[in-house]
Structure formats: C-alpha cells, structure tokens
Amino acid sequence: MLKTDLKQQAVILIEQLSNEKLKAVVDYLTYLHDKEAWNATHELASDAEIVESLERAEADEKAGRLKSWDDVRRNV
C-alpha cells in the first residue's frame, strides 16, 4: 500500500475517533516517532568513525578553528 493511501486511511479513521481515543493515537504516534529517532541516534553513536569525527569537530569548535557560515558563503 502506498504511503499516500495509508495517510488517507489514517485521516478517515482519525476523524471518527473520540477525543480520548485520539489522544491515545497521538501518544502512540509520538512514541513511534521518538523510538525511530532514538534508533537513528543509537546507530550513529555506534559508528566509531562518526563519533571520532564529531569529537574532532567539537575540539575544532572549542579551539576556534571553524569559519562562520557567512565567511564560507562569501568565498563561494
């Protein structure tokens, strides 16, 4: 089933729900969204190369070795 079809079906069903059930749906959707975001974060945090790159970027930022976006954009 296409994503657009699923969205349309969800809207039809949501419109028929009571406020109490609608709140439960929103709570569940929030849980699913947060879980997906956490899984993506965990996946990135498990990649040693990405973690090392982020640590280098933080060190560069603290040492003042970064250029501002305006400076970079002007030089393009």
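Atom set for the values below is all heavy atoms of this structure, side chains included, hydrogens, waters and symmetry mates excluded.
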Please test D5 against Q8 for side chain to side chain contact (heavy atoms under 4.5 Å, CB included), starting from the C-alpha separation and ending with a verdict.
-> CA-CA 5 Å; D5 294 335; Q8 288 174 347; 4.1 Å; yes
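To the nearest 0.5 Å, the span separating CG on L32 from CD on E36 amounts to 8.5 Å. Rounded to the nearest 0.5 angstrom, K7 NZ and T4 OG1 are separated by 8.5 Å.
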Report, one line per pair, each donor and acceptor closer than 3.5 Å where one atom sits in a side chain of residues 17-26; sequence neighbours left out.
from : atom 1 : to  : atom 2 : distance (Å)
S18  : OG     : K21 : N      : 3.2
K23  : NZ     : D27 : OD1    : 3.4
K23  : NZ     : D27 : OD2    : 3.0

Show which side-chain atoms of residues 40-55 pair as donor or acceptor with protein atoms under 3.5 Å away, not counting sequence neighbours.
from : atom 1 : to  : atom 2 : distance (Å)
T41  : OG1    : A37 : O      : 3.0
S46  : OG     : H42 : O      : 2.8
D47  : OD1    : E49 : N      : 2.9
D47  : OD1    : I50 : N      : 3.3
E52  : OE2    : R56 : NH1    : 3.0

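Under the rule for a salt bridge (Lys or Arg N to Asp or Glu O under 4.0 Å), D34 has no partner lying at least two apart in sequence or in another chain.
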